[in-house]
Amino acid sequence: MDKKELVTEAIASVKREDVNAVKHNNYPPGIYMEGELPQKKIKNAIDSFASDCMPEDVAALVEEDLLCSGKKGYLFTAEAMYYDRSRLDEKRLPRPLPYDQIMQVELGGSRNTHLVFTLRDGRQVDVYCGVRTNFLRLALKAILCALAGEMEPESDAKVVPEAVSEAKTEVVPETVPESDADAEVILEVMSGEDIEVIPEAVSEAETEVVPEVVSESDADADVILEVMSEEDIEVISEVMSEAETEVVPEVVSESDADADVVPETVPKAKEKDEKCIRAMELFQNGMKAYEADNYTKALSRFKQAAEQGYAEAQFKYGQMYYNGEGVEKDDAEAMSWFQKAAQQECAWAQFFCGIMYAYGKSVPRNGYEAMNWFLKAAEQGLARAQYECGARYYHEGNTDKNRDKAREWLEKAAAQGYEEAIKMLQNKFGQ
């Protein structure tokens, strides 16, 4: 068996239940292996982020963008993994990332959305990967084992979802006296991004729930200076075709709480997978209808997929109510679906929750809640949200801390080619 076949089999061995066993992570919606690779998507991926890769070298494609075009995601070859710049930090990791440069890869970050690479040059690199983090970790570990001729790694369904390296777990003696065991503490590795995220006064538990309605007085006390005009909001839908290619699609079958309680039986797991596939098909059919301006059909398909819990369908269904496309405009209905999708880590839904709070659309105007949702979307790599956070930090107050955070978020958005962020960096920071 040649290397490309080993890589293909290694990726195919990653099980959905093992990926989803770690909270805040989901199995990718589109994975194509050698022998079933869609050539148009392969061409789009190569043109977008793997220009030096030949189509015949591709072992697998993992796509990420909302339109399922292949322009966002990962390409695996026999020697390396290619990725688009919105997925990993190419300033700190080589692109493509050769497998032979990786010694170890583990989960990182307080929400298990970072990969911690230990490279052969001695560096340890912590990078944000979003909801596909655990899939990439399992896939890369399986590839390394396969190429090294080792046995397949044990199922990670038992893995404790924290950034604990294998090296740390292996040094603990098999027989440890109770007094020594009590004295041992394992520190979780957290990146600076995880620690700095505001609002600092809000607990992790609070940031994961649907925003509560706040009183006018609270909203006034916490409001952050807005940097978008009402006219900006009205034209957002006009640029969504470009923005949609940045969305990270998620396949959500049941709630995280359900997944953490009791392991499912095999029949239930199979039923759940079939439900996810059906929802994804409905959503893709809805997108085709939407692009053809057949809003009646699109609305029907999005609704069916949304009611099955498919996050991106929930967002698109809400967006149609927000824009009044094929249905009477209804901000309250839109917000209801935005919140459902936002709870499942849909970045664009989180961004629009921020918009609704920023301008008081169906909810009391509240700058604090708006910023909270913008940050959630920005942390997932959404350039539009990163720009919004940078602009709001800049206008919030002329302090060194705010300016540093403003520059940080604007640079992240600019790195993805977001024009407004590039202009603001030039105008406000001279870069």
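Since the structure is predicted, the reported quantities are computational estimates derived from the model, not experimental observations. Start at 1 with the first residue, then count along the sequence.
- The backbone N or O of Lys71 lies less than 3.5 Å from no partner atom in the side chain of Asp84, so there is not a single donor-acceptor pair.
- Residues Tyr310 and Gln344 bring no donor and acceptor atom of their side chains to less than 3.5 Å of each other.
- With 3.5 Å as the limit, one finds no donor-acceptor pair spanning the side chains of Arg95 and Tyr82.
- A distance of 6.5 Å separates CZ of Phe429 from CE of Met424, quoted to the nearest 0.5 Å.
- When atom types are taken as modelled, the side chain of Ser48 and the backbone of Ala45 share no donor-acceptor pair closer than 3.5 angstrom.
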Go through it in stages, so that I can follow the logic: the residues are Tyr83 and Tyr74, the test is ring pair (Phe, Tyr, Trp, His ring centres under 6.0 Å), and I'd like the CA-CA distance, side-chain angles, deciding distance and then a yes or no. CA-CA 5 Å; Tyr83 55 90; Tyr74 308 88; 7.3 Å; no
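- A salt bridge links Arg111 with Glu345; the closest basic N to acidic carboxylate O contact falls under 4.0 Å.
- We find that Lys141 and Glu106 are joined by a salt bridge, their nearest charged nitrogen and carboxylate oxygen being less than 4.0 Å apart.
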What do the steps show when you test Phe338 against Phe315 for ring pair (Phe, Tyr, Trp, His ring centres under 6.0 Å), and what is the final call? CA-CA 5 Å; Phe338 288 159; Phe315 165 66; 5.7 Å; yes
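- Gln314 and Glu307 share no side-chain donor-acceptor pair at under 3.5 Å.
- For Lys329 and Asp331, the salt-bridge test passes: some basic side-chain N is under 4.0 Å from an acidic carboxylate O.
- A salt bridge links Glu388 to Arg392: at least one charged side-chain nitrogen sits closer than 4.0 Å to a carboxylate oxygen.
- Remark: Asp400 CG is loosely packed, at most 12 non-hydrogen atoms of other residues, nucleotides or ligands lying under 6.0 Å away.
- Checked by atom type and distance alone, the side chain of Thr77 never pairs as donor or acceptor with a backbone atom of Val58 at under 3.5 Å.
- Side chain of Gln39 to main chain of Leu37: a donor-acceptor pair is present (N/O by atom type, distance under 3.5 Å, no hydrogens or angles).
- Looking at Gln426 and Lys423, their side chains never bring a donor and an acceptor atom within 3.5 Å of each other.
- In summary, the side chains of Tyr32 and Lys41 do present a donor paired with an acceptor at a separation below 3.5 Å, with no hydrogens or angles considered.
- Atom CD of Glu36 has more than 12 heavy atoms from other residues, nucleotides or ligands within 6.0 Å.
- Defined by atom type and a distance below 3.5 Å, a donor-acceptor pair is missing between the side-chain atoms of Asp404 and Tyr393.
- Using cut-offs of 30° and 60° for the angle between ring planes, the Phe351 and Trp348 rings count as perpendicular.
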